[in-house]
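Take a look at the structure below.
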Amino acid sequence: MRMVVLTGAGISAESGLATFRDAEGLWENHRIEDVATPEAFVRRPELVQRFYNARRHQLVHGDIQPNAAHRALVRLEKEWEGEFLLVTQNIDDLHERAGSQNLIHLHGELRKVRCLACGFLVPWDEEIVVGSRCPGCGESDSLRPHVVWFGEMPLELDRIGAALSRCDLFLAIGTSGHVYPAAGFVESARYQGGARCIEFNLSATEISDAFHEHHLGRSGDLLPGWVENFLRD
Ligand code: BJW
C-alpha cells in the first residue's frame with residue numbers, strides 16, 4: 001500500500017500561522033498574488049522581502065510549535081508499514097520539527113534563501129535587508145526567499161507525479177484547492193493511481209467533489225483519532 005499526504009496552510013493554523021484565503025488573501029492590504037510573484041519582486045523588492053522577513057521572524061522567534069495534526073502524521077509515517085510521502089505546500093518547518101521524514105516542500109522553505117547570482121541555497125534565519133550578502137559568492141542584494149511564486153515551477157514535481165500515479169490512498173489536509181498544480185493532485189491520485197481520496201478541512205473546498213470521503217473540522221482535532229482508527233484497522 002502506498003500513501004501520499006498533501007498539506008496546506010490549514011494544518012498550521014492551529015499553531016498560530018495565518019492561512020492565505022482565510023485572511024481574504026490579503027497582507028497589509030496587498031493581494032497575495034501581488035506579493036508572491038517574481039514580477040512583484042522586481043518591481044518592489046523591499047515590500048516582498050518585508051513580507052517574508054515578517055513571516056520568517058514569526059516562525060523563528062514567535063511561539064510557533066507543531067500541533068496535534070503534525071504529530072499525528074509523524075505517527076502515521078512511523079507506524080504504517082506501506083510507502084509514505086508527505087507533500088506540503090507550506091513553507092514553514094513544522095512538519096520537520098514534529099519529526100516527519102519523507103517530506104517534500106512543494107513551494108519552498110521560509111528558512112532558506114537562494115542567491116540569484118550564484119545559485120547558492122543556504123539556511124537563513126535573519127532578515128534579508130538592503131546590502132545583505134550571499135555567503136557563497138559575496139554578492140550583495142542578490143538573495144531571495146527560497147519560495148515558489150506564482151508563475152514559477154513548483155519543486156520536485158517529477159517525484160510527486162510518480163508517487164501520485166501509483167498511490168492507493170491520498171489525503172489532503174487544510175488546503176483550499178485554489179492553487180495549481182497542488183489542487184490537481186487529487187485527480188492524479190484518483191484517476192492515475194486509483195487511490196481512495198480523503199479530504200480534511202474546516203469546510204467544503206473548490207475540489208471537494210473529487211474526494212471519496214470528507215472530514216469536516218480542525219485538523220488538530222480530526223487527525224489524531226483518524227490515524228488511531230486507521231492504524232488499528
Ligand atoms: C483548516 C484549518 C484547520 C483553516 N484545520 N483546515 C488558471 C488555472 C489553473 C492554474 C492557473 C491558472 N492561472 C494561473 C495558474 C497557475 C498558478 C495558480 O494556481 N493560480 C491560481 C491563483 C489559479 N500556479 C502557479 O503559478 C504555480 N506554478 C505553476 O503552475 O507552474 C507551472 C508552470 C510555470 C511556468 C511555466 C509553465 C508552467 C506556482 C504556485 C505557487 C504558490 N505560491 C504560494 C506563495 C508562496 C509561498 C508562501 O508565501 O507561503 O503558496 S500562494 C499560497 O497558496 C502559498 C500556498 O502554499 C498556496 C496554497 O494555499 P493553501 O495551503 O491551500 O492555503 P489557503 O489559505 O488557500 O487554504 C487554507 C485552507 O485550510 C482553507 O480551505 C481552510 O478552510 C482550511 N483550514 N484552518 C483544517 N484548523
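Hydrogens, waters and symmetry mates play no part in the numbers below; they use all other heavy atoms, side chains included. Both ligands and their constituent atoms are indexed starting at 1 by order of listing.
- Distance check: D93 CG to I64 CD1 gives 10.5 Å after rounding to the nearest 0.5 Å.
- The option with the heavy atom closest to atom 43 (N) of ligand 1, from among L223, V148, T88, is V148.
- Crowding of D158 atom CG: a count of heavy atoms from other residues, nucleotides or ligands under 6.0 Å not exceeding 12.
- There is a side-chain donor-acceptor pair under 3.5 Å between N229 and R232.
- Given atom 36 (C) of ligand 1, the protein heavy atom at minimum distance is G151 O, 4.3 Å.
- Backbone and side-chain nitrogen or oxygen atoms of V147 are examined, and none is located within less than 3.5 angstrom of a nitrogen or oxygen of ligand 1.
- Of the N and O atoms on the side chains of H146 and R114, at least one donor lies less than 3.5 Å from an acceptor on the other residue.
- When the heavy-atom distances from atom 54 (O) of ligand 1 to E199, R55, R21, H105 are ranked, the shortest goes to R21.
- Looking at ligand 1, you won't find any N or O of G177 less than 3.5 Å from one of its N or O atoms.
- When the heavy-atom distances from atom 22 (C) of ligand 1 to F150, Y180, F51, F200 are ranked, the shortest goes to F150.
- Remark: the H95 side chain and the T7 side chain contain an N/O donor-acceptor pair separated by less than 3.5 Å.
- Close approach of ligand 1 to W149 (heavy-atom distance below 4.0 Å) involves ligand atoms 39 (C), 41 (C).
- Shortest contact from atom 62 (O) of ligand 1 to any protein heavy atom: A9 N, 2.8 Å.
- Interface of P154 with ligand 1, defined as ligand atoms under 4.0 Å from a residue heavy atom, comprises 28 (N), 29 (C), 31 (O).
- Annotation: cation-pi pair R55/F51 present, NZ/CZ under 6.0 Å from the ring centroid and within 45° of its normal.
- Atom CD of E81 is surrounded by 12 or fewer heavy atoms from other residues, nucleotides or ligands within 6.0 Å.
- Rounding to the nearest 0.5 Å places OG of S100 at 14.0 Å from CZ of R75.
- Residue contacts with ligand 1 for Q89 involve both N, CA, C or O and side-chain atoms from C-beta outward (heavy atoms, distance under 4.0 Å).
- Of the heavy atoms in A183, none comes closer than 4.0 Å to ligand 1.
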Sequence neighbours left out, cut at 3.5 Å: what donor-acceptor pairs do the side chains of residues 159-172 make with other protein atoms?
| from | atom 1 | to | atom 2 | distance (Å) |
| --- | --- | --- | --- | --- |
| R159 | NH1 | E156 | OE1 | 2.9 |
| R159 | NH2 | N102 | OD1 | 2.9 |
| S165 | OG | G161 | O | 3.3 |
| S165 | OG | A162 | O | 2.9 |
| R166 | NH1 | E83 | OE1 | 3.1 |
| D168 | OD2 | R2 | N | 2.7 |

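- There is a side-chain donor-acceptor pair under 3.5 Å between E199 and T205.
- In this structure, atom 40 (C) of ligand 1 lies nearest to the protein heavy atom V179 CG1, 3.7 Å.
- In the vicinity of E14, heavy-atom distances shorter than 4.0 Å reach the ligand 1 atoms 3 (C), 5 (N), 80 (N).
- Nearest to atom 32 (C) of ligand 1 among the protein's heavy atoms is M153 SD, 3.8 Å.
- For the atom pair CZ of F200 and CG of L6, the computed distance is 12.5 Å after rounding to the nearest 0.5 Å.
- Note: L103 CG to F84 CZ = 9.0 Å, rounded to the nearest 0.5 Å.
- Closest to atom 56 (C) of ligand 1 among all protein heavy atoms lies F20 CE1, 3.6 Å.
- Taking any N or O of S176, backbone or side chain, at least one lies under 3.5 Å from an N or O belonging to ligand 1.
- Protein heavy atoms all stay at least 4.0 Å away from atom 7 (C) of ligand 1.
- Taking a cut-off of under 4.0 Å to the non-hydrogen atoms of G174, the atoms of ligand 1 that pass are 6 (N), 69 (C), 70 (C), 71 (O).
- The presence of a protein heavy atom under 4.0 Å from atom 58 (C) of ligand 1 is confirmed.
- In this structure, atom 46 (C) of ligand 1 is in close contact with the protein, since a protein heavy atom lies within 4.0 Å of it.
- The CD1 atom of I104 sits 12.5 Å away from atom CD of Q89, with the distance rounded to the nearest 0.5 Å.
- Of the protein's non-hydrogen atoms, the one nearest atom 78 (N) of ligand 1 is L202 CD1, 3.5 Å.
- Of all the atoms in ligand 1, the ones that sit under 4.0 Å from a non-hydrogen atom of R218 are 5 (N), 80 (N).
- Within the 4.0 Å heavy-atom criterion, the part of I91 lying near ligand 1 is the side chain and not the backbone.
- In terms of protein heavy atoms, atom 76 (C) of ligand 1 is closest to N201 OD1, 3.2 Å.
- Where the criterion is an N or O separation shorter than 3.5 Å, residue side chain and backbone included, A13 fails it with respect to ligand 1.
- Every pair tested for ring pair (Phe, Tyr, Trp, His ring centres under 6.0 Å) that includes a residue from residues 96-132 fails, sequence neighbours excluded, so the list is empty.
- There is no protein heavy atom less than 4.0 angstrom from atom 13 (N) of ligand 1.
- With E152, E33, E206 as candidates, the residue nearest to atom 29 (C) of ligand 1 on a non-hydrogen basis is E152.
- Distance check on atom 16 (C) of ligand 1: every protein heavy atom falls at or beyond the 4.0 Å cut-off.
- Atom CZ in R56 sits 10.0 Å away from atom NE2 in H61 (nearest 0.5 Å).
- Residue contacts with ligand 1: H107 is placed with a nitrogen or oxygen under 3.5 Å of a nitrogen or oxygen of the ligand (distance criterion only).
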